Amino acid sequence: MMAGNFIHDIIDDDISEGGRHFGLRVHTRFPPEPNGYLHIGHAKAIYIDFGTAKKYGGLCNLRMDDTNPSKEKTTYVEAIKEDVKWLGYDWDDRFYYASDFFEDMYLFAEELIQKDLAFVCEQTAEEVRLSRGTLTQPGTPSPWRDRDPAESLDLFRRMRAGEFPDGSITLRAKIDMSSGNMNMRDPVIYRIMRATHHRTGDDWLIYPMYDFAHPIEDAMEHITHSLCTIEFEDHRPLYDWVIENCSVPSNPRQIEFAPLGINYTVMSKRKLRVMVEEGIVDGWDDPRLPTLCGMRRRGYTPEAIIKFNQRNGVSKVPSTVEFDFLEFCVREDLNERATRVMGVLDPIKLTIENYPEDMTETFIVDNHPQYPDQGSHEISFSRHLWIERDDFMEEPARKYFRLYPGNEVRLRAAYIVRCTGCKKDEDGNITEVLAEYIPESKGGVAPDGQKVKGTIHWVNRKDCLNAEVHLYDKLFNVEDPDSEGAEYKDLINSESLIVVPEAKLESAIQELESPSGFQFMRLGYFKEDSKLSTPDKPVFNRVVTLRDTYKP
RNA sequence: UGGGAUGUAGCCAAGUGGUAAGGCACGGGACUUUGACUCCCGCAUGCGAAGGUUCAAAUCCUUCCAUCCCAGCCA
């Protein structure tokens, strides 16, 4: 359940006796434009729109805001639906397009003309811009502002009929050219655009502008609360003007909240698009991107994303949440669900010198240390193992309690071993770590209660699985890529993707079912890549590392 | 004297006249067959600033300061 917030305070007033929506069921909508993929900022809006409806036992519609055919594609529609569903929300049969209401909008526009509240303007785009005035100076009225409504009506009908070229004339609301709010300076509400619409095809030559269309869409769907981001705050007077002056069937209220920002990344569709189109990343679903498809591919769970939004809260304060917090939320969720396996990313040989060459044993590893009911799996052990390169130090650092000559360490679930040294090549590089196992410590149990501080992970060289592993890090190396003076493309973290071509994984991973991915013990959470992984060449993405509090 | 918003800890954020919740981060400690998880402890004499009202102010009033958004025939 959503925690209370300022939006709910307003709704509480609206639905109580004497309120604007007294007696009505709370009804919201999520209205993306189908011109790109959804990102985690949209997930916040989805959470607020659907979550608010749910809290009040109301309804939330999914609506494609498709009033600009030059930018919209039907492929995005399906992707958006998939992402919303993935987050766990359902719109039942209430799926709409703004274009469902094109005829209604057209009629409301005629109504405005007849009320002398709109007029056909013959100024060019440039003239409109120049006569709009500036932030501190009022605009000057269009010379066509006072033309006879009957003439505007005739012209408007001929606009629809296709008698005028694209961009030649517009329909404008007649409001106030000297308003301090630029949106009220006789905004254009219809333009001529010969573009094939993804749904209505070539039926229409004129298309409504957002400010005119959106309140009508909301009213036609009987939305009670139209929740959007802060940037639309100064559009609200125009929203209200449309609702008030068109004979729409309901009285929706627009409420604005702060959009989500996360540091070390960018959220704007435009910037994401550039990175995709210039090949800086591997498509819209690149696991480093904050797109929902990217995060899904990376291995984020929808539950973690919802929790993240839940805990961030809803306010009007411009906010940039720390990336750390997102990572905290995924770790918390994956810690509950992920099956534990062992995998070695940077392998070095470990040879158990006193373990027979031809012997193999099998040990049992729990799938989850806290939840025995999640079962266990087998792992094989032999004289020749792989371990993590940094689990051995010839000269141990302070408080290092992994392998170093003379030290005892537990090979998780197998045996305690004592490190006896290492082998090096002629350049002095360590090529192999040597140890002796303690037969009485079978299963990893320390005999005589001896303390073994370090436990490390390992795999059997004989039967481990080779896999490619992608290690991801922050996409940008600065906190706020948007505000840096430099071109944001130059701020990309060159180590945001590190490919490990041949990691060694325990073979059981091929049989284990774990829909939310795996924890590679002591390393992090990993998810098989849905796009690149094949049976012959598995590819795993690192979702997030484990927290690591080791400080030498 | 353009309009609209926003200021509570490093980051989110509760608080609605009764004496600053919570989470993340950070620092300590316990536990541990993952240096994970879990569990304890610490972390704003202070709420953008200054005045004022009040027994009492983050909350009310006044003035000031800072930051963000708006001049698409985009959404």
Side-chain angles (χ1 to χ4, degrees), chain A residues 3-5 9 31-33 35 65-68 70-72 98 121 123-126 128-130 132-139 166-172 178-185 187-193 206-207 209-211 213-214 228-237 256 258 263 269 308 311-329 331-332 335-336 340 342 365-366 368-370 399-402 410-414 416 441 443-446 452-457 519-524 545-551:
Chain A
N5 59 52
D9 293 343
E33 182 185 14
N35 70 342
D65 206 358
D66 56 351
T67 57
N68 185 349
S70 68
K71 296 190 171 183
E72 295 143 7
C121 178
Q123 285 184 310
T124 63
E126 179 70 358
V128 170
R129 190 176 64 78
L130 291 173
R132 185 153 29 225
T134 69
L135 294 178
T136 54
Q137 292 167 293
D166 282 13
S168 57
I169 60 178
T170 59
L171 183 69
R172 289 227 256 165
S178 61
S179 172
N181 182 345
M182 301 296 286
N183 298 122
M184 300 298 269
R185 317 245 263 229
V188 170
I189 58 176
Y190 260 97
R191 76 281 215 187
I192 303 174
M193 178 169 19
I206 57 173
Y207 291 94
M209 300 290 292
Y210 168 86
D211 282 316
H214 206 83
C228 63
T229 46
I230 293 279
E231 68 217 272
F232 292 103
E233 201 149 25
D234 53 14
H235 292 244
R236 191 174 55 217
E256 311 84 12
N263 62 13
K269 263 185 206 173
F308 170 74
R311 293 202 268 228
N312 275 331
V314 182
S315 75
K316 300 187 70 155
V317 185
S319 64
T320 303
V321 177
E322 291 177 341
F323 187 75
D324 273 352
F325 187 59
L326 215 208
E327 295 207 320
F328 165 80
C329 292
R331 277 194 197 102
E332 181 186 59
N335 177 48
E336 294 294 312
R340 269 61 171 176
M342 293 198 272
V365 186
D366 286 339
H368 191 118
Q370 274 82 44
K399 289 171 79 177
Y400 184 82
F401 42 80
R402 280 111 92 168
R410 174 166 30 238
L411 297 178
R412 160 109 195 173
I416 292 168
S441 66
V445 185
V452 177
K453 198 99 163 90
T455 299
I456 65 171
H457 56 97
Q519 184 196 93
F520 292 0
M521 277 188 282
R522 302 210 300 136
L523 297 175
T545 61
L546 248 36
R547 201 162 81 100
D548 182 6
T549 53
Y550 171 61
K551 297 176 288 289

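Here is the naming used below: chain letters follow the sequence lines, and residue numbers restart at 1 for every chain. Everything numeric here is computed off the predicted structure, so don't read it as measured data.
Residue A/Thr124 is classed as a base contact, given a heavy-atom separation below 4.0 Å to a base. When heavy atoms are screened at a 4.0 angstrom cut-off, A/Glu33 is found touching the sugar-phosphate backbone but no base atom. Using a 4.0 Å heavy-atom criterion, one finds that A/Phe328 contacts the sugar-phosphate atoms exclusively.
Side chain of A/Arg191, nearest nucleotide from B/C70, B/A75, B/U34: B/A75. The A/Glu322 side chain lies nearest to B/G10 when the options are B/U16, B/U34, B/G10. The side chain of A/Pro369 lies closest to B/U34, out of B/U34, B/C24, B/C74. Comparing atom distances between the A/Glu233 side chain and each of B/G4, B/U6, B/G23 picks out B/G4 as nearest. Comparing B/G2, B/U34, B/A5 against the side chain of A/Thr455 picks out B/U34 as the nearest. With distances taken from any side-chain atom of A/Val317 to the nucleotides B/G35, B/G7, B/C73, the minimum falls on B/G7. Relative to the side chain of A/Ser319, the nucleotides B/C12, B/C74, B/G23 differ in distance, and B/C12 lies closest. The listed nucleotides are B/A71, B/G35, B/C74; the one nearest the side chain of A/Met209 is B/C74. Of the candidates B/A71, B/U6, B/C12, B/U6 carries the atom nearest the A/Pro318 side chain, counting heavy atoms from C-beta on. Closest to the side chain of A/Arg340, out of B/U34, B/C37, B/C74, is B/U34.
Judged by distance alone, the side chain of A/Asn263 and the main-chain N or O of A/Glu322 form no donor-acceptor pair under 3.5 Å. When atom types are taken as modelled, the side chain of A/Arg172 and the backbone of A/Ile189 share no donor-acceptor pair closer than 3.5 angstrom.
Remark: aromatic rings of A/Phe232 and A/Tyr210 are close, center separation under 6.0 Å.
Side-chain N/O atoms of A/Gln137 and base N/O atoms of B/G2 include no donor-acceptor pair closer than 3.5 Å. One N or O donor and one acceptor, one from the side chain of A/Asp234 and one from the base of B/G3, sit under 3.5 Å apart. In this model, no side-chain donor or acceptor of A/Glu231 finds a partner on the base of B/C69 within 3.5 Å. Scanning atom types as modelled, no donor and acceptor separated by under 3.5 angstrom connect the side chain of A/Arg236 and the base of B/G4. Side chain A/Gln519 to base B/U34: a donor-acceptor pair is found below 3.5 Å.
In this structure, A/Leu130 atom CG and B/G72 atom P are separated by 10 Å, rounded to whole Å. One can place OH of A/Tyr207 at 12 Å from P of B/A75, the figure rounded to the nearest angstrom. Atom pair A/Glu327:CD and B/A25:P shows a separation of 10 Å (rounding to whole Å applied). The separation between A/Arg547 atom CZ and B/C26 atom C1' is 10 Å, rounded to whole Å. As a whole-Å value, the separation of A/Asn5 CG from B/A14 P is 8 Å.
The partner of B/G2 is B/C70, judged by Watson-Crick or G-U wobble contacts that both fall below 3.5 Å. Checking B/U16 for Watson-Crick or G-U wobble geometry (two distances, each under 3.5 Å) identifies no partner in any strand. A 3.5 Å limit on both hydrogen-bonding distances identifies no Watson-Crick or G-U partner for B/A25. Pairing partner, B/C31: none, since no Watson-Crick or wobble contact has both distances short of 3.5 Å. Using N1 to N3 plus N6-O4 or O6-N4 for Watson-Crick, or N1-O2 and O6-N3 for G-U wobble, each under 3.5 Å, B/G46 pairs with nothing.
Comparing A/Lys316 and A/Asp324 against RNA chain B, the residue whose closest nucleotide sits nearer the 5' end is A/Lys316. With the nearest nucleotide of RNA chain B identified for both A/Asn181 and A/Glu332, A/Asn181 has the one nearer the 5' end.
Checked by atom type, the side-chain pair A/Glu126/A/Thr124 shows no donor-acceptor distance below 3.5 Å. Judged by distance alone, the side chains of A/Asn68 and A/Ser70 do bring a donor and an acceptor atom under 3.5 Å apart.
Nearest heavy-atom pair across A/Arg340 and A/Asn335 is NH2-OD1, 2.6 Å.
Nucleotides B/U19 and B/A13 are separated by 24 Å at their P atoms, to the nearest Å. Across the P atoms, B/C11 and B/A44 are found 15 Å apart, a figure rounded to whole Å.
A salt bridge links A/Glu256 with A/Arg236: at least one charged nitrogen is closer than 4.0 Å to a carboxylate oxygen.
Glycosidic conformation, B/G42: anti, with the torsion outside 90° of 0.
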